[in-house]
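Below: the structure, in structure tokens.
Excluded from the calculations below are hydrogen atoms, water molecules and symmetry mates; all remaining heavy atoms, backbone and side chain alike, are included. Bear in mind that the values here come from a model prediction, so they are computed numbers and not experimental data. Numbers restart at 1 for each chain; the letters A, B, ... are given by sequence-line order, proteins then strands.
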Amino acid sequence: MNIDEKVKYLMQGTEYGDQHMAHAMAIELKDRLIEAEQSGWPLKIYCGYDPRTTDLHIGHTVTMRKLRQFQELGHEVTFVIGTYTSLIGDPSDKDKLRPQLTPDEVLENARTYAEQAYRVLDREKTIIRYNAEWLSQLSFADLIKLASNFTIQQFLTRENFRIRWDNNEPIHLHELFYSLMQGYDAHVLETDVQVGGTDQLFNIMTASRKIMSYYGQKPNIGIILDILPGTDGEVKMSKSLGNHIPLNTTPEDMFGKVMSIPDKAMPKYAKLATSWQTDTVNEFCEALNKGSIHPRDAKMKLAFEIVSIFYSQKEAEEAKMHFITLFQKGDIPENIPTYELDQPKLLLDILVDVGLIDSKNQGRRLIEQNGIKFNGVIVADFNAEVNAKGLIQVGKRKFLRVLKG
RNA sequence: GGACGGUUACCCAAGUGGACAACGGGGACUGACUGUAAAUCAGUUGGCAGAGGCCUUCGGAGGUUCGAAUCCUUCACCGUCCA
């Protein structure tokens, strides 16, 4: 790759909401890449993650993949775990009733974070740092000095604060500190490039750059990445919204979840969630536009790619076969839970027993809707009894094999 | 400290004494169709029950009433504004 190709590669998937800013960042990045080449010193890249839960999802990996790209080009990546910020708790999620984390919990989460992150990042080349290391050392006086770089107006022009201000919703004072802490992280790490999602635009582009300038450093370059939508294709992927694709799941589930995204979300997934090169991504999107690739096949390709990032190619292949068998052909999957029947029993009771349905009323509704089959025959009677072995199917996806005990 | 406003099912949100198991939207589920678990259309979305009957639910507790999600008292929590 020549220098321009590198810039293009590293800027792929970025979203600044402003052409000028994007252009300025690309130029700064190019300059700094040239500097690095000439000096022989790699650039320092960092991105921070708050270990609030143990579950990382594909949305988290967007920035990690970007870090990985920098690693591939020989730069130094620091994975910052926000042990200090998590202890305080992110106030923007206050309504979610998140319990205050203890230091032990944070450390435990942090450990699993790093492990999961290595599915994307190069373990050998990744530096892990905890921001409590330096943030806990700051005095009140330090904080005042940091804060004096900013005006309330600067914060209030930020969209999410602006909206809340206009709606008379609370904005807590310490929410403003988040930006300061993040800026201080960048300062301590002497960062050249900071990676983050568009929700971090202010923290990276304003707060970090200002604070670094204040300390006489060259302000970091912001690589601001577009936000990956969840499986609904609309809003940001997040566990609390239930539209996430967790990393800790089976290959089959991950494959299926990718297949369930709406067609229109495919370009973003291609851009943000795969390890494809810029050209491949562009070709993919173009083929979709022209209709030269079948949308279903395109999505399969996406699903295969994404699953093989986190598992092996072989497992991705198996997940694909599983999907084709179960959904495309409508066949029966291989691994079906079984139920030992020792005496005749009401079908609905069995299903409630094993938790395939929540209540008998729910089962009755399913029967009304032709949603339950026994050995391939639609069950029509609420009081149907099972007294022989066979296969129960609930909806399209749930099965239970009844064995005679 | 003061003045208001709020707390309804998985989520958002209507409902201000009887027609409320509770409008509407989202989500989820089922079916049809398809290109897949996409899109679209239709239906379902408290529990129990050999059917229209019973039980539980509208922040908690108590009360008024033949009857309350709706009125009163009190407690808890949340929010905005003025200090």
Side-chain angles (χ1 to χ4, degrees), chain A residues 91-99 161 163-173 175 229-245 249-270 287-289 291-307 319-333 346-349 351-353 355-373 376-385 392-399:
Chain A
S92 61
D93 288 324
K94 204 159 158 283
D95 57 328
K96 305 248 167 63
L97 261 178
R98 176 165 295 140
F161 286 140
I163 291 171
R164 284 154 71 184
W165 180 273
D166 289 343
N167 292 339
N168 277 340
E169 284 164 16
I171 300 170
H172 289 85
L173 187 58
E175 292 187 66
T231 49
D232 59 322
E234 296 288 343
V235 294
K236 178 178 176 173
M237 183 178 289
S238 99
K239 191 181 180 183
S240 55
L241 292 173
N243 63 356
H244 70 308
I245 305 177
T249 184
T250 62
E252 287 82 19
D253 184 55
M254 190 182 277
F255 196 96
K257 283 206 161 71
V258 176
M259 288 306 285
S260 77
I261 65 169
D263 290 357
K264 63 172 194 271
M266 282 198 274
K268 279 207 173 174
Y269 272 70
L288 271 180
N289 260 333
S292 60
I293 181 171
H294 194 295
R296 180 203 55 205
D297 295 338
K299 212 180 284 178
M300 286 242 182
K301 212 172 148 188
L302 257 187
F304 181 85
E305 161 66 14
I306 291 173
V307 172
K320 184 177 169 183
M321 290 319 294
H322 175 86
F323 184 83
I324 290 175
T325 306
L326 185 52
F327 301 114
Q328 215 169 330
K329 294 189 184 157
D331 286 352
I332 297 157
L346 286 181
L347 178 76
L348 291 181
D349 283 333
L351 293 177
V352 170
D353 271 1
L356 240 43
I357 55 177
D358 294 328
S359 67
K360 290 171 88 170
N361 266 349
Q362 191 198 353
R364 291 194 183 94
R365 281 182 224 118
L366 286 168
I367 287 176
E368 274 172 8
Q369 295 171 136
N370 293 334
I372 297 187
K373 291 181 191 167
V377 180
I378 293 173
V379 175
D381 180 9
F382 289 173
N383 296 312
E385 248 189 15
I392 303 174
Q393 180 175 1
V394 180
K396 283 191 182 111
R397 305 152 56 185
K398 290 188 265 184
F399 295 88

Practice task
Starting from the C-alpha separation in whole Å, work towards a yes-or-no answer on salt bridge (Lys or Arg N to Asp or Glu O under 4.0 Å) for A:D297 and A:K301.
Solution key: CA-CA 6 Å; A:D297 295 338; A:K301 212 172 148 188; over 6 Å; no

Considering only the [atom1] atoms, how many Å lie between [N] and [M], rounded to the nearest integer?
N: B:rA83; M: B:rA14; atom1: C1'; result: 36 Å
N: B:rU34; M: B:rA39; atom1: C1'; result: 9 Å
N: B:rA21; M: B:rC55; atom1: C1'; result: 11 Å
N: B:rG50; M: B:rC66; atom1: C1'; result: 34 Å
N: B:rU30; M: B:rC81; atom1: P; result: 46 Å
N: B:rG46; M: B:rG24; atom1: P; result: 12 Å
N: B:rA61; M: B:rG52; atom1: C1'; result: 35 Å
N: B:rC29; M: B:rA19; atom1: P; result: 33 Å

Round to the nearest Å and state the distance from [X] atom [atom1] to [N] atom [atom2].
X: A:D263; N: B:rA37; atom1: CG; atom2: P; answer: 12 Å
X: A:L288; N: B:rA38; atom1: CG; atom2: C1'; answer: 12 Å
X: A:L346; N: B:rG50; atom1: CG; atom2: C1'; answer: 11 Å
X: A:M300; N: B:rA38; atom1: CE; atom2: P; answer: 13 Å
X: A:N243; N: B:rC11; atom1: CG; atom2: P; answer: 16 Å
X: A:D297; N: B:rG35; atom1: CG; atom2: C1'; answer: 8 Å
X: A:I261; N: B:rA37; atom1: CD1; atom2: P; answer: 15 Å
X: A:F327; N: B:rA37; atom1: CZ; atom2: C1'; answer: 6 Å

Using purine N1 to pyrimidine N3 plus N6-O4 or O6-N4 for Watson-Crick, or N1-O2 and O6-N3 for G-U wobble, both under 3.5 Å, which nucleotide pairs with [N]?
N: B:rC71; answer: B:rG63
N: B:rA21; answer: none
N: B:rG5; answer: B:rC78
N: B:rU36; answer: none
N: B:rG43; answer: B:rC29
N: B:rG52; answer: none
N: B:rA83; answer: none

Handout entry: Comparing A:E252 and A:E368 on RNA chain B - which has the more 5′ nearest nucleotide
Key = A:E252

Sugar-phosphate only, base, or nothing, as touched by [X] at under 4.0 Å among non-hydrogen atoms:
X: A:F382; value: nothing
X: A:K264; value: nothing
X: A:P295; value: base

Exercise for the section: Give the minimum heavy-atom separation between A:F399 and A:L356, together with the two atoms involved. Expected result: O-CD2, 4.1 Å

Is [Y] close to [X] at the side-chain level, that is, under 4.5 Å between some pair of heavy atoms?
X: A:V258; Y: A:E305; value: no
X: A:L351; Y: A:I372; value: yes
X: A:H322; Y: A:P251; value: no

Phosphate-side-chain proximity, [X] and [N], N/O vs OP1/OP2 below 4.0 Å:
X: A:S260; N: B:rA38; value: no
X: A:R296; N: B:rG35; value: no
X: A:K360; N: B:rA49; value: yes
X: A:N361; N: B:rA49; value: no
X: A:R364; N: B:rA51; value: no

Exercise for the section: Could you check which of B:rG35, B:rA37, B:rA38 has an atom nearest any side-chain atom of A:F323? Expected result: B:rA37

Exercise for the section: Evaluate side-chain contact (heavy atoms from CB on, under 4.5 Å) for A:I245 paired with A:I306, printing each intermediate quantity in order. Expected result: CA-CA 11 Å; A:I245 305 177; A:I306 291 173; over 6 Å; no

Problem - Test applied, salt bridge (charged side-chain N to carboxylate O under 4.0 Å, His left out); reference residue, A:D263; option that passes from A:K268, A:K299, A:R296 - result: A:K299

Practice task
Could you go through the side-chain contact (heavy atoms from CB on, under 4.5 Å) check for A:D349 and A:K360 one step at a time?
Solution key: CA-CA 7 Å; A:D349 283 333; A:K360 290 171 88 170; 3.2 Å; yes

Exercise for the section: Using modelled atom types only, decide if a donor and an acceptor are shared between the side chain of A:E252 and the backbone of A:M254 within a distance under 3.5 Å. Expected result: no

Practice task
Look at the side chain of A:K398 and the backbone N and O of A:I357, then say whether any donor-acceptor pair between them is shorter than 3.5 Å.
Solution key: no

Problem - Sequence-aligned protein contact record of nucleotides 27-34 of chain B, with B where the base is within under 4.0 Å of a protein heavy atom and S where only the sugar-phosphate is - result: --SSS---

Fill in the blank from the handout: The single option from A:N383, A:V379, A:V352 that satisfies side chain to side chain contact (heavy atoms under 4.5 Å, CB included) with A:L347 is A:V379

Write out a two-atom table: protein N or O, nucleotide N or O from nucleotides 21-23 of chain B, distance below 3.5 Å.
none

Exercise for the section: Quick one: pull up OG1 in A:T231 and CE in A:M259 and give me the separation to the nearest 0.5 Å. Expected result: 13.5 Å

